[in-house]
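Computed from a prediction, not measured in an experiment: that's the story for all the values here. Any value given below was found using the heavy atoms of this structure, including those in side chains, with hydrogens, waters and symmetry copies removed.
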Amino acid sequence: MLNYQLILAVFIGISTLLVLILKFRIQAFIALLIASIAVGITAGMDPTEIIKTMQDGMGNTLGFVAVVVGLGAMFGAILEHSGGAEALAKYLLHKFGEKNASWALMLTGFFVAIPVFFDVAFIILVPLIYSLQRKTKKSLLLYAIPLLAGLAITHSFIPPTPGPVAVADILKADLGWVILLGFITGIPAAIISGPLFAKYISTKIHINAPKLDEVPATYNSYPSIGLVLSIIGIPILLIVLNTVLNSAFFETNSIIPEALKKWIQMIGHPFSALIIANLIAIYLLGIKRGVDKETILKITTKSMSSAGIIILLTGAGGVFKQILVNTGTGEMLANYFANAGIPIIVFAFIAAVFIRILQGSATVAMITSAGITAPLLASNVSEVDKALLVIAIASGASILSHVNDSGFWLVSNYLGLTEKQTFKSWTIMTTLLALVGFTTVGIISLFL
């Protein structure tokens, strides 16, 4: 049975969040905290209990996310500074050839966005698509859209990027499963919203690259491709190995000594995996290539500033979730949706879509909808189902990027598009990505 006071509390909380962000332009971190307080007051919580709940929600969430996002930001900064991202892109373009350049760029975006933030990766790689357009004289969108699709998929679906890490932590989902299913789900979404859509939209909108101002760095100055791929793959393989070896199969078929499994658990934990990857990257991409220690320190320290806002936003999302748990709102809504026959995965997707369209930020949409959804989960939900739920939320939070999203203007400015052209290309691409991603999640859920 619905408790209308708790329903009102959720409505007021979300409305408060949106009004503060959209009308008053208040930073999302403080807006989430104020919205959490509004939920607690409306639900009738004791004032001191509201503050304690906020503290618990922040602390419980940041214990994991702060470490992973911080280490991930450092890792990406080292790869960026070394030229590893450009090296990977040039290598794939060379192997695929000019004819299949759009597929090479999609793969480039897919892999580069694992360690590097979306906007940083796009800015690093945009000279490559300029160069291709000048050479082929085809529309810039033929190359830009696949690159953007690859970047966006990984940014939203595959840890250790901040969005899925934050959602996985709030939902208590296993990162190994999120990585595996994120890759599987991301492939069709990237293909359809990337090269296939690019082939169509490039015939409708012709865009030329800006005039060349400077000659890019030579290919010989970049690290080797094998080294770059190995370093990017290290944390992913360690995390996935940990997940597989500690799955139900190996629990019931104990062919690995228990002591060894515990060591693998430690090494394959995201903390250890990213620490190992950072140390290897610092040495092989930095020290061994002649970068002095002071420069490495400066690079890694600067990366913390970009990680800070993600960490604080995630903590505020954890506060919002904890308020919903402690008021009993989550349990009440879970029972209602169960009785109404509405799958939680559908609710989570729709919630993310709603918040994304209204306030623009995919990260805020992911964290807020995860906070709303987490209290609805039953205790017996499988790790696979939780991982699929993470990707469903990520899909919804990726949809329909428009004028209230900073990504919309980043793409518009760098590609030289009008607002109308950006809607027809970038906005449609993000919508295709979201719909294909969620559809794939639904199909996978029928079999797993």
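- Residues Phe197 and Ile192 fail the side-chain proximity criterion, which asks for heavy atoms closer than 4.5 Å.
- For CD of Gln27, the number of neighbouring non-hydrogen atoms (other residues, nucleotides, ligands) closer than 6.0 Å is greater than 12.
- Annotation: the span from Ile236 atom CD1 to Leu274 atom CG amounts to 9.5 Å, rounded to 0.5 Å.
- Although no hydrogens or angles enter the test, the distance criterion places no donor-acceptor pair under 3.5 Å between the side chain of Thr16 and the main chain of Ala35.
- Distance check: Ile350 CD1 to Ile393 CD1 gives 12.5 Å after rounding to the nearest 0.5 Å.
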Q) How far apart are the C-alpha atoms of Phe75 and Ser303, what are their side-chain angles, what is the distance that settles it, and do they pass the side-chain contact (heavy atoms from CB on, under 4.5 Å) test? A) CA-CA 9 Å; Phe75 184 52; Ser303 71; over 6 Å; no

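- Within 6.0 Å of CD1 on Ile30 lie no more than 12 heavy atoms contributed by other residues, nucleotides or ligands.
- With respect to Lys386 and Glu383, a salt bridge is recorded, a charged nitrogen being found less than 4.0 Å from a carboxylate O.
- Summarising the geometry, atom OH belonging to Tyr414 is positioned 11.0 Å from atom CD1 belonging to Ile129; distances are rounded to the nearest 0.5 Å.
- Within the 3.5 Å criterion, the main-chain N or O of Thr154 finds a donor-acceptor partner in the side chain of Thr161.
- Taking all atoms of both residues into account, the shortest heavy-atom contact from Ala387 to Leu181 is CB-CD1, 3.7 Å.
- Looking at every heavy atom in both residues, Val228 comes nearest to Pro223 through CG2-CG, 3.8 Å.
- Taking 4.5 Å as the limit, some side-chain heavy atom of Phe110 sits within range of a side-chain heavy atom of Phe183.
- Between the side chain of Arg356 and the backbone N or O of Ala365, no donor-acceptor pair lies under 3.5 Å.
- Side-chain contact between Leu410 and Phe118: present, with at least one pair of heavy atoms (C-beta onward) separated by less than 4.5 Å.
- At least one donor-acceptor pair closer than 3.5 Å links the side chain of Ser305 to the backbone N or O of Lys302.
- With 3.5 Å as the limit, one finds no donor-acceptor pair spanning the side chains of Thr53 and Asp56.
- The closest side-chain donor-acceptor pair between Trp426 and Ser412, if any, does not fall under 3.5 angstrom.
- For the pair Ile444 and Ile391, the minimum side-chain heavy-atom distance is 4.5 Å or more.
- Looking at heavy atoms from C-beta onward, Ile357 lies in side-chain contact with His402 at the 4.5 angstrom threshold.
- Scanning all heavy atoms of the two residues, the minimum distance from Gly226 to Ser230 falls at O-OG, 2.7 Å.
- Ser156 and Ser398 share a side-chain donor-acceptor pair at under 3.5 Å.
- Here NZ of Lys262 is found 14.5 Å from CD1 of Ile267. Values are rounded to the nearest 0.5 Å.
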Q.
Would Trp103 and Met106 count as a side-chain contact (heavy atoms from CB on, under 4.5 Å) here? Give the steps.
A. CA-CA 5 Å; Trp103 294 87; Met106 179 195 75; 4.1 Å; yes

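- For Phe354, the CZ atom is loosely surrounded, since the number of other residues' heavy atoms within 6.0 Å does not exceed 12.
- Distance CG/Leu400 to OG1/Thr427: 6.5 Å, rounded to 0.5 Å.
- Of the possible donor and acceptor atoms, none in the side chain of Thr431 sits under 3.5 Å from a partner among the backbone N and O of Ile399.
- Between Thr373 and Ser369 the shortest heavy-atom distance is OG1-O, 2.7 Å.
- Counting heavy atoms from C-beta on, the side chains of Ile372 and Ile355 come closer than 4.5 Å.
- Listed for the Ser445 side chain is a donor-acceptor partner under 3.5 Å among the backbone atoms of Gly442.
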Q) Passes side-chain contact (heavy atoms from CB on, under 4.5 Å), Leu20 versus Lys23? Steps please. A) CA-CA 6 Å; Leu20 290 175; Lys23 183 173 178 58; over 6 Å; no

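- Leu196 contributes atom CG, which lies 10.0 Å from atom CG of Leu432 (distance to the nearest 0.5 angstrom).
- Between the Asn242 side chain and the Leu238 main chain, no donor and acceptor come within less than 3.5 Å of each other.
- Closest approach of Ala173 to Val178, counting heavy atoms only: CB-CG2, 4.2 Å.
- In this structure the side chain of His269 never reaches within 4.5 angstrom of the side chain of Ile239, judged on heavy atoms.
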Q) Checking side-chain contact (heavy atoms from CB on, under 4.5 Å) for the pair His81/Leu285: CA distance, chi angles, key distance, verdict? A) CA-CA 9 Å; His81 184 269; Leu285 296 179; over 6 Å; no

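- Closest approach of Val390 and Pro164 over heavy atoms only: CG1-O, 4.1 Å.
- Heavy atoms from other residues, nucleotides or ligands lying under 6.0 Å from OH of Tyr283 number 12 at most.
- Looking only at side-chain heavy atoms (C-beta outward), Phe111 and Ile158 stay at 4.5 Å or farther from each other.
- The 12-atom threshold is not exceeded at NZ of Lys298, counting heavy atoms of other residues, nucleotides or ligands nearer than 6.0 Å.
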